[in-house]
Amino acid sequence: MSIALKQVFNKDKTFRPKRKFEPGTQRFELHKRAQASLNSGVDLKAAVQLPSGEDQNDWVAVHVVDFFNRINLIYGTICEFCTEQTCPVMSGGPKYEYRWQDDLKYKKPTALPAPQYMNLLMDWIEVQINNEDIFPTCVGVPFPKNFLQICKKILCRLFRVFVHVYIHHFDRVIVMGAEAHVNTCYKHFYYFVTEMNLIDRKELEPLIPK
């Protein structure tokens, strides 16, 4: 990591506090194993494969929380350049526009400026991953039956952050010397969601090379 990048990331500009795993738990051990694989320079395609004998829901839970933390950090580094003036619509270029719906305040898909969309998105994900009924932290407490469906929705929406950052703010990422970090994070995310079949191919189209 470059000195400039360390300075950027040390400012702790994450949109939200990082969610951590409790030491001693199965998920903490899985998290450590996943991090060790990444840090060892192992092939990312191999690193995302479900370890033998491990529960798929645990593996997905660890990655959803980790991706939330890291994408949160990436957006936090460029958020001062993502304003209602520069990004009046949450989009990925002229072809893709993302509208917000949460079935609470926004019952229908609603066009919003990118920073407002991002705030709502991070709030919404934070509520999900801190909900013990969805992401249980106690050993032996089962995941809900619709757990993978919830994770698919979270990951699909997190992917939109990558789309917006790559298409509208990558010049800032390059200026900060952070492109290698962002690219690695995106590759890791892409390999994971395709390996585990968690995002429809159609949703991934904005960042598939033409």
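The aromatic ring centroids of His169 and Phe81 lie 6.0 Å or more from each other.
With Asn146 contributing its side chain and Gln149 its backbone, the two residues share no donor-acceptor pair below 3.5 Å. Although no hydrogens or angles enter the test, the distance criterion places a donor-acceptor pair under 3.5 Å between the side chain of Asn131 and the main chain of Asp133. Remark: side-chain polar atoms of Trp124 are not paired, donor with acceptor, to backbone N or O of Ile154 under 3.5 angstrom.
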Let me see the working for Phe170 and Ile78 under side-chain contact (heavy atoms from CB on, under 4.5 Å), right down to the final yes or no.
-> CA-CA 9 Å; Phe170 205 66; Ile78 60 92; over 6 Å; no
After noting the C-alpha distance and the side-chain angles of Phe159 and Leu204, does the key distance pass the side-chain contact (heavy atoms from CB on, under 4.5 Å) rule?
-> CA-CA 8 Å; Phe159 175 74; Leu204 296 170; 3.7 Å; yes
Worked check of side-chain contact (heavy atoms from CB on, under 4.5 Å) between Tyr166 and Asn183 = CA-CA 9 Å; Tyr166 267 111; Asn183 286 341; 2.6 Å; yes
Kindly indicate, with the supporting measurements, whether the criterion side-chain contact (heavy atoms from CB on, under 4.5 Å) is fulfilled by His164 and Met118.
-> CA-CA 10 Å; His164 187 73; Met118 296 292 190; 3.9 Å; yes
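In this structure, Ile167 and Gly93 approach most closely via the heavy-atom pair CG2-N, 3.4 Å. The two residues Thr137 and Glu132 have their closest heavy-atom pair at OG1-OE2, 2.7 Å.
Residues Phe67 and Phe162 are not in side-chain contact: their nearest non-hydrogen atoms beyond the backbone lie 4.5 Å or more apart. Residues Phe189 and Leu155 form a side-chain contact, since some pair of their non-hydrogen atoms from C-beta on lies under 4.5 Å apart. With a 4.5 Å cut-off on side-chain heavy atoms, Met122 and Val161 count as touching. Under the 4.5 Å side-chain criterion, counting only non-hydrogen atoms from C-beta, Gln56 is in contact with Leu148. Residues Trp100 and Arg157 are in side-chain contact: their nearest non-hydrogen atoms beyond the backbone lie under 4.5 Å apart. With contacts defined as side-chain heavy-atom distances shorter than 4.5 Å, the pair Trp59/Glu54 does not qualify.
Arg172 meets the salt bridge (Lys or Arg N to Asp or Glu O under 4.0 Å) test with no other residue; sequence neighbours excluded. With sequence neighbours left out, Tyr98 forms a ring-ring contact (aromatic ring centres under 6.0 Å, His included) with no residue at all.
Of the residues listed (Ile74, Ile71, Leu207), the one engaging Tyr186 in a side-chain contact (heavy atoms from CB on, under 4.5 Å) is Leu207, and it is the only one.
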